[in-house]
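Shown next, in structure tokens, is the structure this report addresses.
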Amino acid sequence: MIFRGLFAALLLVWFAEVMEQTFVGFLPRGGVVIPAICVVVLWNLSAAGLFLGGGLLLLDWIARPTCFPAAPLLLPLLVTTFVVSAHSDLHLQRGGLRIPRPLLLPLLAVILLVAQSASGESMAAWSNPQNAVQESLSRLRPALLVLLPTSGVLALLLQLSEELGLRRTAAAGWRRS
Amino acid sequence: MRALPDQSRKWLASAALIGLTIAAAGAEHLGAFSSVRPWLLDLCSPGRLMVLALSPFETVEAPQKITSEASLPNSVAASSGSGSSARELLLRQLLIENARLRRDLQRERQRSGPLLPGVESSEMESRPPLMDLRVIPARVLTRQDEFPEVLRELAIDAGRAQGLNRAELVVQGAGRVIDAGREQRVQAGDRVLDGLTVVGRIDRSARWISLVQPVTAEAFRARVQLLRISEGERYPGATGLLEGTGTRECRLTGLGPTDAVAVGDDVVAAGVEGLAGPPLYFGRVVKADFLAGGKWDVAVAPAVQLDDLESVQVLRWEWLKTGASR
């Protein structure tokens with residue numbers, strides 16, 4: 001069972017990487033790989049899934065490095081501090097913030113993409129923050145155009161698989177924690 | 001032994017990941033992953049090749065010989081549409097060009113005599129060439145407009161499977177005519193061999209992927225020659241060493257205090273592998289200061305635009321006489 005899940009996760013992320021490498025001009029970096037990694041992490045929210053997803057994101061950074069591995073650093077922090085400690089089946093609630101569960105994947109993917117885009121600027125470029133932010137935003141726009149629909153479809157599939165009983169509910173994983 | 005609660009395991013996994021990431025960032029800073037990177041990128045190659053084979057998009061072309069005749073159709077074809085009338089026009093132009101070149105060659109032979117002492121021109125013609133230069137087309141897999149500031153290497157989809165070795169030059173097809181002028185009877189509007197712009201050099205190769213060290217990378221070095229402009233004509237000038245600086249400009253070193261350098265001089269390769277090859281263009285001198293110690297401080301702006309690079313070509317010398325290739 002564990003090996004089947006591991007194989008499926010590796011296959012999903014590998015295929016996402018293949019698509020990004022094949023259609024370099026059409027699929028901006030992170031547009032497909034980041035949502036795929038988020039699926040691996042959010043599938044049943046276990047420590048193994050988190051380690052696997054984070055490890056794959058780190059491998060992606062090693063293969064195609066930016067100035068700083070912001071996304072691989074942010075992923076475990078976000079998941080452990082915000083997602084795992086939420087206590088509702090329907091939504092994630094932290095303080096006054098309330099996010100419906102199906103929006104978790106797109107939101108996490110967008111945050112990771114923003115982090116990756118920001119880490120693409122060199123330290124020297126951040127000496128002029130206005131320019132650096134503009135550069136990052138210009139890179140972010142085409143990537144978001146791919147990432148948002150991809151993560152939306154994957155979030156729907158994740159929800160559907162939960163409804164169909166194909167996976168252990170994330171809520172069960174959260175309740176155990 | 002009691003198992004850890006689930007929450008604790010997640011925190012443990014998270015801490016391990018953060019530690020690994022910080023360690024990886026340090027290792028990357030020291031260049032520890034440079035040998036792993038092509039291998040990692042290569043893991044996706046079987047899938048990429050499969051998707052390319054199934055998709056209707058263009059695939060990698062077969063290697064082709066590079067001679068002035070071979071390059072000519074490329075440059076003309078780009079500007080001449082795809083209809084049959086355009087092809088006929090192109091064919092006619094090529095025939096005229098061919099005839100003109102043959103006539104010029106005959107005149108040159110009559111003027112200068114045999115090329116080698118004791119060897120007749122006809123004998124030279126019948127001998128096979130000792131070396132053959134081929135180009136291997138490749139697509140750039142890492143988009144440079146994403147992170148141009150941190151660019152250290154380009155990944156291309158050609159590797160050991162295509163016979164690539166380390167240090168082979170990588171060029172961009174779209175260049176300019178730089179070593180031909182009125183002296184070579186080139187007139188404005190003539191379609192002649194496109195100059196090839198040097199992108200960099202193969203740094204590491206995996207089976208299907210290679211990493212290219214761009215001309216701007218710190219470790220890049222190449223022997224170059226200046227082309228000086230005088231009265232509208234270009235003449236060969238001093239030779240030196242072009243060094244990447246890790247910024248958008250390169251540095252030209254090895255120039256003597258008596259060498260003449262000026263802003264606007266073109267920088268070309270001083271031969272590939274020590275041999276005269278096709279025209280390889282590096283860039284243009286943008287700064288030339290003569291320092292107090294009798295040394296030149298010369299900055300060169302590379303001609304290649306790494307930001308919008310989609311495809312490149314790898315130059316390969318092949319030793320025909322022995323059958324071995326370098």
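So you know, we letter chains A, B, ... as the sequences are listed, proteins then strands, and number each from 1.
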For chain B, the option from A:Ile62, A:Leu74, A:Asp60, A:Leu59 that forms the most heavy-atom pairs under 4.5 Å: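 That would be A:Ile62.
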
Looking only at heavy atoms, which two atoms of A:Gly30 and A:Leu147 are closest? And how far apart?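 In terms of heavy atoms, the two residues are closest at O-CD1, 3.7 Å.
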
Report which part of A:Leu73 has an atom under 4.5 Å of a heavy atom belonging to chain B: side chain, backbone, both, or neither.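 For A:Leu73, the contact with chain B is made by backbone and side chain together.
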
Would B:Ser34 and B:Arg37 count as having a side-chain donor-acceptor pair, cut-off 3.5 Å?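 No, because no side-chain N or O of B:Ser34 sits under 3.5 Å from a partner of the opposite role on B:Arg37.
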
Out of B:Ser14, B:Ala25, B:Ser45, B:Ala13, which one racks up the most heavy-atom pairs below 4.5 Å with chain A?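 Among B:Ser14, B:Ala25, B:Ser45, B:Ala13, the one with the most close pairs to chain A is B:Ser14.
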
Given the options B:Leu17, B:Leu40, B:Ile18, which has more heavy-atom pairs under 4.5 Å with chain A than any of the others?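 The option with the most such pairs is B:Leu17.
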
Looking at B:Arg251 and B:Glu218, does any basic side-chain N land under 4.0 Å from a carboxylate oxygen?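 Here B:Arg251 does not pair with B:Glu218 in a salt bridge, since their nearest N and O are not under 4.0 Å apart.
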
Can you establish whether the number of heavy atoms outside A:Phe15 located under 6.0 Å from its atom CZ is more than 12?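 Incorrect, the count does not exceed 12.
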
